[in-house]
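Structure, as C-alpha coordinates:
Bear in mind that the values here come from a model prediction, so they are computed numbers and not experimental data.
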Amino acid sequence: MTITPDDLDAAVASVVSGLDKASSRDWSSAPGTGELNAWRTAEHLGDCLISYAGLLIARPSTPRFVCFESVADKAATPSEMLEFITVGTGILGATLRTAAPDVRACHPSGRADTEGFAGMGCVEVLVHGEDMARGLDVTLDPPRDVCSRVLARMFSDVDATDVDPWTALLWATDRTDLPGRPSRAGWQWRGAPLGD
(Lines give C-alpha, C1' and ligand atoms only; values in the text may rest on other atoms or scores of the structure.)
Protein backbone atom coordinates (compact mmCIF):
# COMPACT_ATOMS: atom_id res chain seq x y z
CA MET A 1 0.00 0.00 0.00
CA THR A 2 1.87 3.02 -1.29
CA ILE A 3 1.27 6.57 -0.07
CA THR A 4 1.33 9.03 -2.97
CA PRO A 5 1.12 12.79 -3.53
CA ASP A 6 -2.52 12.15 -4.50
CA ASP A 7 -3.11 10.92 -0.94
CA LEU A 8 -1.60 14.14 0.38
CA ASP A 9 -3.92 16.13 -1.89
CA ALA A 10 -6.93 14.14 -0.67
CA ALA A 11 -5.94 14.60 2.97
CA VAL A 12 -5.57 18.36 2.66
CA ALA A 13 -8.79 18.71 0.66
CA SER A 14 -10.74 16.99 3.46
CA VAL A 15 -9.07 19.06 6.18
CA VAL A 16 -9.49 22.39 4.37
CA SER A 17 -13.14 21.55 3.65
CA GLY A 18 -13.78 20.81 7.32
CA LEU A 19 -11.88 23.80 8.69
CA ASP A 20 -13.41 26.19 6.17
CA LYS A 21 -16.66 25.86 8.12
CA ALA A 22 -14.92 27.76 10.94
CA SER A 23 -13.21 30.39 8.77
CA SER A 24 -15.39 33.17 10.22
CA ARG A 25 -14.19 32.45 13.77
CA ASP A 26 -11.22 33.90 15.67
CA TRP A 27 -8.50 31.28 15.28
CA SER A 28 -6.17 33.12 17.64
CA SER A 29 -8.44 32.32 20.58
CA ALA A 30 -9.19 28.68 19.64
CA PRO A 31 -6.96 25.83 20.86
CA GLY A 32 -4.72 24.06 18.37
CA THR A 33 -1.81 21.68 18.90
CA GLY A 34 -0.31 21.67 22.39
CA GLU A 35 0.27 25.25 23.50
CA LEU A 36 -0.40 26.65 20.03
CA ASN A 37 -3.69 28.24 19.06
CA ALA A 38 -5.46 27.23 15.84
CA TRP A 39 -3.85 30.08 13.84
CA ARG A 40 -0.33 29.15 14.96
CA THR A 41 -1.05 25.46 14.35
CA ALA A 42 -2.04 26.29 10.77
CA GLU A 43 1.18 28.27 10.38
CA HIS A 44 3.20 25.38 11.82
CA LEU A 45 1.49 22.98 9.42
CA GLY A 46 2.26 25.11 6.35
CA ASP A 47 5.88 25.40 7.47
CA CYS A 48 6.19 21.62 8.03
CA LEU A 49 4.99 20.85 4.53
CA ILE A 50 7.32 23.37 2.89
CA SER A 51 10.20 22.21 5.10
CA TYR A 52 9.67 18.60 3.97
CA ALA A 53 9.93 19.77 0.35
CA GLY A 54 13.13 21.60 1.32
CA LEU A 55 14.59 18.45 2.83
CA LEU A 56 13.87 16.47 -0.35
CA ILE A 57 15.54 19.17 -2.46
CA ALA A 58 18.55 19.89 -0.20
CA ARG A 59 19.01 16.26 0.95
CA PRO A 60 21.10 17.04 4.02
CA SER A 61 23.36 14.20 5.08
CA THR A 62 22.51 14.54 8.77
CA PRO A 63 19.11 14.41 10.52
CA ARG A 64 18.16 18.08 10.59
CA PHE A 65 15.78 20.53 9.00
CA VAL A 66 16.85 23.01 6.34
CA CYS A 67 17.71 26.44 7.73
CA PHE A 68 14.57 28.42 6.97
CA GLU A 69 11.12 28.88 8.39
CA SER A 70 7.96 29.61 6.43
CA VAL A 71 5.74 32.04 8.29
CA ALA A 72 2.37 33.56 7.51
CA ASP A 73 1.65 37.26 7.47
CA LYS A 74 0.51 38.22 10.98
CA ALA A 75 -2.68 39.73 9.53
CA ALA A 76 -3.63 36.54 7.64
CA THR A 77 -7.25 35.55 8.02
CA PRO A 78 -8.34 31.96 8.70
CA SER A 79 -9.17 31.58 4.98
CA GLU A 80 -5.67 32.77 4.13
CA MET A 81 -4.21 30.29 6.63
CA LEU A 82 -6.08 27.50 4.84
CA GLU A 83 -4.54 28.83 1.64
CA PHE A 84 -1.10 28.68 3.29
CA ILE A 85 -1.68 25.01 4.16
CA THR A 86 -2.87 24.30 0.63
CA VAL A 87 0.19 26.01 -0.87
CA GLY A 88 2.50 24.05 1.45
CA THR A 89 0.81 20.85 0.32
CA GLY A 90 1.20 21.85 -3.32
CA ILE A 91 4.90 22.57 -2.90
CA LEU A 92 5.52 19.25 -1.15
CA GLY A 93 3.36 17.39 -3.68
CA ALA A 94 5.20 18.93 -6.65
CA THR A 95 8.54 18.04 -5.08
CA LEU A 96 7.39 14.46 -4.47
CA ARG A 97 6.12 14.12 -8.05
CA THR A 98 9.39 15.33 -9.57
CA ALA A 99 11.88 13.61 -7.25
CA ALA A 100 13.73 10.58 -8.52
CA PRO A 101 12.31 7.33 -7.10
CA ASP A 102 15.55 6.52 -5.27
CA VAL A 103 15.81 9.88 -3.46
CA ARG A 104 16.40 9.68 0.28
CA ALA A 105 16.63 12.62 2.65
CA CYS A 106 17.38 12.80 6.34
CA HIS A 107 14.63 13.87 8.69
CA PRO A 108 14.96 13.91 12.48
CA SER A 109 12.95 10.64 12.50
CA GLY A 110 15.30 8.91 10.06
CA ARG A 111 16.34 8.69 6.41
CA ALA A 112 13.08 8.80 4.47
CA ASP A 113 12.12 8.09 0.89
CA THR A 114 9.49 10.00 -1.08
CA GLU A 115 6.72 7.72 0.18
CA GLY A 116 7.87 8.42 3.73
CA PHE A 117 7.71 12.17 3.12
CA ALA A 118 4.26 11.82 1.55
CA GLY A 119 3.21 9.88 4.65
CA MET A 120 4.71 12.44 7.02
CA GLY A 121 2.86 15.17 5.14
CA CYS A 122 -0.41 13.23 5.45
CA VAL A 123 0.09 12.69 9.18
CA GLU A 124 0.88 16.39 9.72
CA VAL A 125 -2.16 17.53 7.73
CA LEU A 126 -4.61 15.09 9.27
CA VAL A 127 -3.45 15.25 12.88
CA HIS A 128 -2.86 19.00 13.13
CA GLY A 129 -6.07 19.49 11.15
CA GLU A 130 -7.86 17.47 13.82
CA ASP A 131 -6.22 19.52 16.58
CA MET A 132 -7.56 22.70 14.99
CA ALA A 133 -10.97 21.17 14.27
CA ARG A 134 -11.41 20.23 17.91
CA GLY A 135 -10.53 23.75 19.05
CA LEU A 136 -12.87 25.25 16.46
CA ASP A 137 -15.68 22.75 17.18
CA VAL A 138 -15.91 21.30 13.65
CA THR A 139 -15.65 17.70 12.49
CA LEU A 140 -13.23 16.35 9.91
CA ASP A 141 -14.07 13.41 7.67
CA PRO A 142 -10.86 12.33 5.93
CA PRO A 143 -10.79 9.57 3.31
CA ARG A 144 -10.54 6.26 5.16
CA ASP A 145 -8.44 4.65 2.41
CA VAL A 146 -5.81 7.36 2.87
CA CYS A 147 -5.88 6.83 6.65
CA SER A 148 -5.41 3.07 6.10
CA ARG A 149 -2.39 3.57 3.84
CA VAL A 150 -0.86 6.10 6.22
CA LEU A 151 -1.28 3.72 9.17
CA ALA A 152 0.22 0.78 7.29
CA ARG A 153 3.24 2.74 6.09
CA MET A 154 3.99 5.19 8.88
CA PHE A 155 2.89 3.12 11.89
CA SER A 156 3.67 -0.44 10.83
CA ASP A 157 3.98 -1.42 14.52
CA VAL A 158 0.32 -0.53 15.13
CA ASP A 159 -2.31 -3.24 14.83
CA ALA A 160 -5.69 -1.57 14.62
CA THR A 161 -7.24 -3.21 11.57
CA ASP A 162 -10.42 -3.85 13.57
CA VAL A 163 -10.97 -0.09 14.11
CA ASP A 164 -12.13 2.69 11.79
CA PRO A 165 -8.88 3.86 10.09
CA TRP A 166 -9.40 7.52 11.06
CA THR A 167 -9.95 6.60 14.71
CA ALA A 168 -6.92 4.28 14.55
CA LEU A 169 -4.75 7.08 13.15
CA LEU A 170 -5.89 9.41 15.93
CA TRP A 171 -5.03 6.70 18.47
CA ALA A 172 -1.64 6.03 16.82
CA THR A 173 -0.81 9.73 17.25
CA ASP A 174 -2.13 9.91 20.84
CA ARG A 175 -5.21 12.00 19.98
CA THR A 176 -7.71 9.48 21.35
CA ASP A 177 -7.87 6.36 23.52
CA LEU A 178 -8.94 2.94 22.34
CA PRO A 179 -10.44 0.64 24.98
CA GLY A 180 -8.11 -2.20 25.86
CA ARG A 181 -5.15 -0.66 24.04
CA PRO A 182 -2.16 1.10 25.59
CA SER A 183 -1.51 4.81 25.44
CA ARG A 184 0.48 5.99 22.42
CA ALA A 185 2.18 8.82 24.34
CA GLY A 186 5.62 9.36 22.85
CA TRP A 187 4.51 7.94 19.47
CA GLN A 188 6.86 8.02 16.50
CA TRP A 189 6.30 7.38 12.81
CA ARG A 190 8.59 5.51 10.47
CA GLY A 191 9.84 7.67 7.62
CA ALA A 192 12.40 5.17 6.36
CA PRO A 193 11.25 2.57 3.83
CA LEU A 194 9.75 -0.50 5.49
CA GLY A 195 12.43 -2.75 4.01
CA ASP A 196 15.30 -0.75 5.53
Rounded to the nearest 0.5 Å, what separates atom CD1 in Ile57 from atom OG1 in Thr95? 4.0 Å
Do Val125 and Val138 belong together in a cluster built from hydrophobic side chains that touch within less than 4.5 Å? yes
Verdict with reasoning, Arg184 to Asp177, per salt bridge (charged side-chain N to carboxylate O under 4.0 Å, His left out): CA-CA 8 Å; Arg184 291 282 298 168; Asp177 295 325; over 6 Å; no
hydrophobic_cluster_shared for Leu36 and Leu49, side chain cutoff 4.5 Å: no
With a 4.5 Å limit on heavy-atom distance, are the side chains of Trp39 and Met132 in contact? no
Is any NZ, NE, NH1 or NH2 atom of the basic residue among Asp137 and Lys21 found under 4.0 Å from an Asp or Glu carboxylate oxygen of the other? no
With a 4.5 Å cut-off on side-chain heavy atoms, are Glu35 and Arg40 touching? no
What pair of heavy atoms forms the shortest contact from Ala30 to Gly135, and how long is it? CB-O, 3.6 Å
Would you check if Arg175 and Asp131 make a side-chain contact, meaning some heavy-atom pair closer than 4.5 Å? yes
Within the distance-only criterion (no hydrogens, no angle test), does the side chain of Ser51 pair as donor or acceptor with the backbone N or O of Asp47 below 3.5 angstrom? yes
Which residues pass the salt bridge (Lys or Arg N to Asp or Glu O under 4.0 Å) test with Arg104, sequence neighbours left out? none
Using the ring pair (Phe, Tyr, Trp, His ring centres under 6.0 Å) criterion, which residues pair with Phe155? Sequence neighbours excluded. Trp187
Looking at every non-hydrogen atom in both residues, tell me the closest pair between Ala168 and Val163 and how far apart they are. N-CG1, 4.0 Å
Ala100 to Thr114 - nearest heavy-atom pair and separation: O-CG2, 4.2 Å
Looking at Val158 and Ala172, what are the two nearest heavy atoms and their distance? CG2-CB, 4.2 Å
Assess whether a salt bridge exists between Asp157 and Arg190, defined as any Lys/Arg side-chain N lying under 4.0 Å from an Asp/Glu carboxylate O. no
When you check the gap from the basic side-chain N to the acidic O, do Arg181 and Asp162 get nearer than 4.0 Å? yes
For Phe117, check ring pair (Phe, Tyr, Trp, His ring centres under 6.0 Å) against everything at least two apart and list the hits. Tyr52
Could you tell me if the side chain of Glu124 sits less than 4.5 Å from the side chain of His44, heavy atoms only? yes
Less than 4.0 Å between a side-chain N and a carboxylate O, is that true for Asp7 and Arg153? no
Name every donor-acceptor pair, under 3.5 Å, that has one atom in a side chain of residues 78-91 and the other anywhere in the protein, sequence neighbours excluded.
unit_1 : atom_1 : unit_2 : atom_2 : d
Glu80  : OE1    : Thr77  : N      : 2.8
Glu80  : OE1    : Thr77  : OG1    : 3.3
Thr86  : OG1    : Leu82  : O      : 2.9
Thr89  : OG1    : Ile85  : O      : 3.0

Under the side chain to side chain contact (heavy atoms under 4.5 Å, CB included) rule, collect the residues that match up with Pro143, sequence neighbours excluded. Ala10, Ser14, Asp145, Val146
What are the two closest non-hydrogen atoms of Asp141 and Arg144, and how far apart are they? OD1-NH1, 2.7 Å
Do Trp27 and Leu19 have side chains that approach each other closer than 4.5 Å (heavy atoms only, starting at C-beta)? yes
How about Thr33 and His128: does a side-chain donor come under 3.5 Å of a side-chain acceptor? yes
For Asp174 and Ser183, work out which heavy atoms get closest and say how close. OD1-OG, 3.9 Å
Expected output: side-chain Glu43 to main-chain Val71 donor-acceptor under 3.5 Å: no
I'd like to check Asp20 versus Ser23 (side-chain heavy atoms, cut-off strictly below 4.5 Å). Are they in contact? yes
CD of Glu115 to OG1 of Thr2, rounded to nearest 0.5 Å, is 4.5 Å
Nearest 0.5 Å please: distance from the CG atom of Leu126 over to the OG1 atom of Thr173. 9.0 Å
Trp189: side-chain hydrogen bond (donor to acceptor under 3.5 Å, both in side chains) partners, not counting sequence neighbours: Ser109
Do side-chain atoms of Trp171 reach the backbone of Pro182 as a donor and acceptor pair under 3.5 angstrom? yes
Is any side-chain heavy atom of Leu56 closer than 4.5 Å to one of Val103? yes
Side-chain touch Cys122/Ile3, heavy atoms, less than 4.5 angstrom: yes
